[in-house]
Amino acid sequence: MNASSAQKQYNGVKERAKVLLQTLRRFFNSELFYVFETLFACLLVVMRQEVIGAVIFVALISLLLIVCEDILPTTLPFLLLCTFTTNCYDSFDTFIGYAIYAPVVIAALIAHFVVYRGTLKIGESVYGICLVSIAVLLGGVGDFTLKQYVSGAYYIFGLGTGMIFVYMLMKSAFSARRGYDVRMKFAAVMTLVGVLCSFMIATGYVRRYLHLSTGAYTIGFSPNNLATLLMFAMPFPIYLSRKQLPIVILTPVFLAMLCLTKSRGGLIFGCMEFFICCLYWVCMGKKHKTERIIYCVAALGAVACAFGRVVLDMLQDRVFADGVIISNVRFTMFGQALDNFYKRPFVGTGILDESIWYSDTKKQGAMTWYHMMIPQVVGSMGLIGIVAYGFQILQRVKLTFQKRSTWSLALGISYLGLLMMSQVNPGEFCPLPFGLLAVLLFIFQEIRLEYDDLPLTGKQFHSGKSRCKKGGV
């Protein structure tokens, strides 16, 4: 075989490998594979194999990081992993045993951002993240030992400087132009996360029904975590309905599942978010607004008829019963937050402070949350935290309504769900997935303002660098 023939053969093999790689990438980012991943996650829940499932999904994410230039295919498996592992509440000892495999994942992550590195970019929302990072680092400064900082590194890093690092990586990765509409893909991802949450809740009730005779079965899922994820997902079926109208029915389904979680925060704030979603859907349609209003009322009525008794019983037991609110430990912690603010008004007592009531009952590996965002900021970070988080929220509101569009409002409503739940739960003070998701939502808000045609789309991946002079769609 002469050199020319060998070169031709080599080029042929190289071309076939390239075609195969592109085919794999399209498949991994296809709706078909998205559905397969979701169904597999549901199967893991049915079989109660969440721990093994976590290993499988981490391996899948590592593979996708290596094979795919686009970061989006890793988003759904990561969120599905975060969702079904909420069934493994208080399982620190179980998962810490798998830490030995962490270098493999870290290597895949580094390889992805080195091999497929994009142009480093920053946008408006990074300033709020930087201020919050400063507030987290200065909170309780001087009161903690090096050992305490090491043991609390996940939260110090995850809520602080680590989030800046994550922002820069995701901003660069998601700013690349693609040959598809990322808005629809991400909306599909969040909708499927909501579907998994709904399935987990329904599965929990089926199991409890099957075990009624023994009286030994609890509901089996984490109500507040699933409620928060459902509130993240709630507006996205409405956005998808622009192209596929029947999908809109999933929004009232998510509300119904919120009711079944029996999460007080989920029920109260979920109903508020559903009302906002109804306004969003009605205003999104240029025609037939009256019919849309009727559909919204009918959907709410159907949920009320189907699950009204469950909601009323829960409200009676957990909201309206004598002393149930006043006796809640959140009132105790609210007072402790004010005391800590008076002690150290400028920097607070820090997120590692274990003097509050929750430190007696917290799970291993968890932070001593106040379970309320405002007291958490006031007590842990003082005036610096108030300024930092206040600036960040105002900036996020501005990004949502600047040249507003159906996409910007969907992202904004999703974040509003997290913000409301954070008032009565850890919420945004959980770096993964809630803190990271919040950052991603506002990266999308920035990017939609950076292009003057369809945001986040283009003829091919890494093509075009058109900057905005007009608002997004």
Side-chain angles (χ1 to χ4, degrees), residues 128-145 148-149 151-152 154-156 158-160 163 224-225 227-228 263-269 272 318-363 365-397 415-431 434-435 438:
I129 299 171
C130 287
L131 285 177
V132 166
S133 176
I134 292 170
V136 169
L137 288 171
L138 291 180
V141 64
D143 286 351
F144 304 111
T145 64
Q148 286 174 299
Y149 276 113
S151 63
Y154 170 68
Y155 292 99
I156 292 289
L159 296 173
M163 207 55 77
N224 290 326
N225 285 323
T228 305
S263 163
R264 283 178 295 190
L267 176 62
I268 295 168
F269 295 123
M272 293 171 61
R318 304 190 64 201
V319 177
F320 299 127
D322 292 341
V324 71
I325 298 295
I326 296 176
S327 63
N328 191 283
V329 294
R330 287 178 178 83
F331 274 87
T332 301
M333 291 190 287
F334 186 86
Q336 290 175 324
L338 294 178
D339 290 340
N340 288 339
F341 178 77
Y342 292 141
K343 289 177 189 174
R344 305 196 67 177
F346 293 104
V347 295
T349 57
I351 63 172
L352 301 180
D353 177 23
E354 296 192 351
S355 66
I356 66 169
W357 181 91
Y358 180 66
S359 65
D360 295 331
T361 58
K362 72 171 186 172
K363 304 304 180 183
M367 188 180 100
T368 47
W369 291 300
Y370 285 85
H371 285 254
M372 297 170 287
M373 186 177 193
I374 294 175
Q376 187 81 57
V377 172
V378 170
S380 298
M381 288 166 268
L383 289 172
I384 292 179
I386 293 170
V387 171
Y389 277 89
F391 175 84
Q392 185 180 64
I393 290 173
L394 289 175
Q395 188 181 60
R396 287 173 169 178
V397 171
Y415 176 68
L416 179 63
L418 171 65
L419 190 61
M420 289 191 293
M421 278 296 282
S422 296
Q423 306 314 309
V424 291
N425 282 289
E428 204 166 349
F429 284 90
C430 295
F434 304 138

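Keep in mind it's a predicted model, so treat the numbers as computed, not measured.
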With Y370, which residues qualify under side chain to side chain donor-acceptor pair (under 3.5 Å), at least two apart?
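Applying side chain to side chain donor-acceptor pair (under 3.5 Å) to Y370 gives N340.
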Return the set of residues passing salt bridge (Lys or Arg N to Asp or Glu O under 4.0 Å) with D339 (not counting sequence neighbours), or none when no residue passes.
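D339: no salt bridge (Lys or Arg N to Asp or Glu O under 4.0 Å) contacts found.
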Give a yes or no on this: more than 12 heavy atoms of other residues, nucleotides or ligands lie within 6.0 Å of atom CD1 of I374.
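Not more than 12 within 6.0 Å, no.
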Do other residues, nucleotides or ligands put more than 12 heavy atoms under 6.0 Å from the CZ atom of F346?
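No - once you tally the heavy atoms of other residues, nucleotides and ligands closer than 6.0 Å, there are 12 at most.
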Hey, what do you get for [atom1] ([X]) to [atom2] ([Y]), rounding to the nearest 0.5 Å?
X	Y	atom1	atom2	result
L138	M381	CG	CE	11.0 Å
Q148	D353	CD	CG	9.5 Å
T332	I356	OG1	CD1	10.5 Å
I386	F341	CD1	CZ	5.0 Å

Between [X] (side chain only) and [Y] (backbone N and O only), is there a donor and an acceptor less than 3.5 Å apart?
X	Y	answer
S422	L418	yes
R330	V424	yes
R344	G350	no

Taking all atoms of both residues into account, what is the closest heavy-atom pair of H371 and P426, and its distance?
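Shortest heavy-atom separation between H371 and P426 comes out as ND1-CD, 3.5 Å.
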I need the single residue from Y155, W369, Y389 that forms a ring pair (Phe, Tyr, Trp, His ring centres under 6.0 Å) with F429. Which is it?
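Option passing the ring pair (Phe, Tyr, Trp, His ring centres under 6.0 Å) with F429: Y389.
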Evaluate the side-chain proximity of M272 to L416: yes if any heavy-atom separation is below 4.5 Å, no if none is.
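SC-SC contact between L416 and M272 ruled out.
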Write out all pairs satisfying salt bridge (charged side-chain N to carboxylate O under 4.0 Å, His left out) with one or both partners inside residues 129-139, taking only residues at least two apart or from two chains.
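Residue pairs with at least one partner in residues 129-139: there are none.
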